[in-house]
Amino acid sequence: MFSIAVALPAADVNYIVVDVRTREVVKQDWPDAEKPIPVGSLVKPFTALASKGPFPEFVCNGSVDRCWFQKGHGQEQFRDALANSCNAYFLELAKNVDAHSLAVVAAKFGISAPMADTPDARIGLGKDWQVSPIALTRAYCELTSRATEPRVAVILAGMRQATESGTASAIGLGLNGRSALAKTGTAPCVAQRKHKGDGFTIVLEPAALPRIAILVRVHGVPGAEAAKFAAVLERTFR
């Protein structure tokens with residue numbers, strides 16, 4: 001085990017490391033990694049790709065808009081909303097996403113589509129969109145390979161901002177000043193020993209041309225906390 005296992009019991013932390021170019025698993029400590037599970041907000045980029053028209057601006061008023069951040073994020077562009085993993089913004093965006101378009105995007109990236117046709121399911125709230133950890137990691141590898149596509153470019157910019165000032169800010173910059181891309185999420189726990197929720201973080205580095213993708217799950221913490229453990233692993237593989 002890496003030093004990531006020191007801070008929590010080994011059973012509470014799982015990870016997968018994938019070579020972005022070959023899509024091969026480099027290192028893994030995740031039982032049943034091919035079994036679909038809820039992954040929370042890590043599905044948001046794919047919902048964004050299925051949306052129509054330009055990404056809107058939106059004012060997040062916090063809990064009244066069903067955002068996890070009670071005080072609200074205020075006025076946001078898409079890039080800010082992705083970096084902040086703003087539920088209010090994405091619930092509004094998801095209202096204009098149809099099931100067929102989302103299924104097409106999901107198939108393109110090799111992941112399953114939501115089991116329910118609701119805005120909540122489309123942004124990863126609850127258990128109605130489940131994706132296997134390995135498929136999800138490879139989907140993000142595919143996402144970075146499409147960096148020249150305009151909508152993908154904005155998504156990747158939001159993921160970079162997440163490491164600088166958003167929910168994945170624990171990733172930050174490495175000792176050599178190299179930046180990364182990241183997305184966090186929180187989902188219902190599926191472990192036998194139930195926790196309040198599971199935190200997820202996916203990291204791809206370096207940001208300019210990712211070569212390694214790391215997906216981390218930590219039981220019993222939100223996604224922003226899982227990012228701290230992802231940071232330890234990410235620096236191990238630099």
Side-chain angles (χ1 to χ4, degrees), residues 1-20 23-31 33 37-46 68 82-85 124 131-144 155-187 189-191 195-238:
M1 293 291 290
F2 292 103
S3 59
I4 190 172
V6 174
L8 288 175
D12 285 342
V13 182
N14 303 113
Y15 64 85
I16 298 172
V17 184
V18 171
D19 183 304
V20 172
R23 309 293 201 266
E24 294 296 320
V25 175
V26 176
K27 191 77 175 179
Q28 177 180 334
D29 185 358
W30 197 316
I37 57 173
V39 294
S41 294
L42 267 65
V43 300
K44 285 175 178 173
F46 306 103
W68 63 267
L82 188 64
N84 295 328
S85 202
V131 184
S132 79
I134 285 181
L136 182 66
T137 307
R138 288 173 173 154
Y140 271 88
C141 293
E142 178 65 21
L143 189 68
T144 64
I155 290 170
L156 298 182
M159 291 176 62
R160 185 166 185 164
Q161 185 173 321
T163 68
E164 298 166 351
S165 59
T167 57
S169 58
I171 304 295
L173 294 175
L175 296 176
N176 58 5
R178 202 160 59 179
S179 60
L181 309 171
K183 181 73 192 79
T184 64
T186 307
C189 182
V190 295
H195 302 78
K196 187 175 181 180
D198 288 344
F200 292 81
T201 299
I202 188 158
V203 185
L204 301 103
E205 76 89 27
L209 189 63
R211 61 182 182 82
I212 289 291
I214 304 170
L215 178 63
V216 174
R217 175 181 66 182
V218 183
H219 292 302
V221 304
E225 287 295 310
K228 297 177 181 178
F229 297 92
V232 174
L233 265 180
E234 187 258 346
R235 284 158 192 160
T236 299
F237 281 90
R238 281 185 183 274

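The structure presented is a predicted model; accordingly, all values stated were derived computationally and were not measured.
- Residues meeting the side chain to side chain donor-acceptor pair (under 3.5 Å) test with R160, sequence neighbours left out: S179.
- For T167, the side-chain contact (heavy atoms from CB on, under 4.5 Å) partners are W68, S85, T184, not counting sequence neighbours.
- Between K183 and F200 there is no side-chain heavy-atom pair separated by less than 4.5 Å.
- The line from CG of L136 to CD1 of I37 is 8.5 Å long, rounded to the nearest 0.5 Å.
- Contact record, P133 with A33: CD-O, 2.9 Å, taken as the closest heavy-atom pair.
- The shortest non-hydrogen separation linking V203 to A180 is CG1-CB, 4.0 Å.
- The heavy-atom pair separating V216 from Y15 by the smallest distance is CG2-CB, 4.1 Å.
- Considering CG of L82 and CD1 of I155, their distance stands at 7.0 Å, rounded to 0.5 Å.
- Summarising the geometry of V43 relative to G124, their closest heavy-atom pair is CG2-N, 3.5 Å, with the distance given to 0.1 Å.
- From I202, atom CD1 reaches atom OG of S41 across 13.5 Å, with rounding to the nearest 0.5 Å.
- Between the side chain of T163 and the backbone N or O of A168, no donor-acceptor pair lies under 3.5 Å.
- One finds the OG1 atom of T137 at 13.5 Å from the CD atom of E142 (value rounded to the nearest 0.5 Å).
- Among pairs with a residue in residues 222-233, those fulfilling salt bridge (charged side-chain N to carboxylate O under 4.0 Å, His left out) read E225-K228, at least two apart in sequence or across chains.
- A pairwise comparison of heavy atoms in T201 and A226 identifies OG1-C, 3.5 Å as the closest pair.
- Between A83 and A162, the shortest heavy-atom contact is CB-N, 3.6 Å.
- Take Q28 and apply the side chain to side chain donor-acceptor pair (under 3.5 Å) test, not counting sequence neighbours, and it matches no residue.
- Distance check: R217 CZ to L42 CG gives 12.5 Å after rounding to the nearest 0.5 Å.
- With sequence neighbours excluded, the residues satisfying side-chain contact (heavy atoms from CB on, under 4.5 Å) with T144 are V20, L156, L181, L204, P210.
- For F46, the ring pair (Phe, Tyr, Trp, His ring centres under 6.0 Å) criterion is met by F109, Y140, not counting sequence neighbours.
- Residues N14 and H219 meet the side-chain proximity criterion, which asks for heavy atoms closer than 4.5 Å.
- The distance from atom CE of M159 to atom CD of E164, rounded to the nearest 0.5 Å, is 12.5 Å.
- In this view, A135 and I111, V131, S132 satisfy the side-chain contact (heavy atoms from CB on, under 4.5 Å) rule, not counting sequence neighbours.
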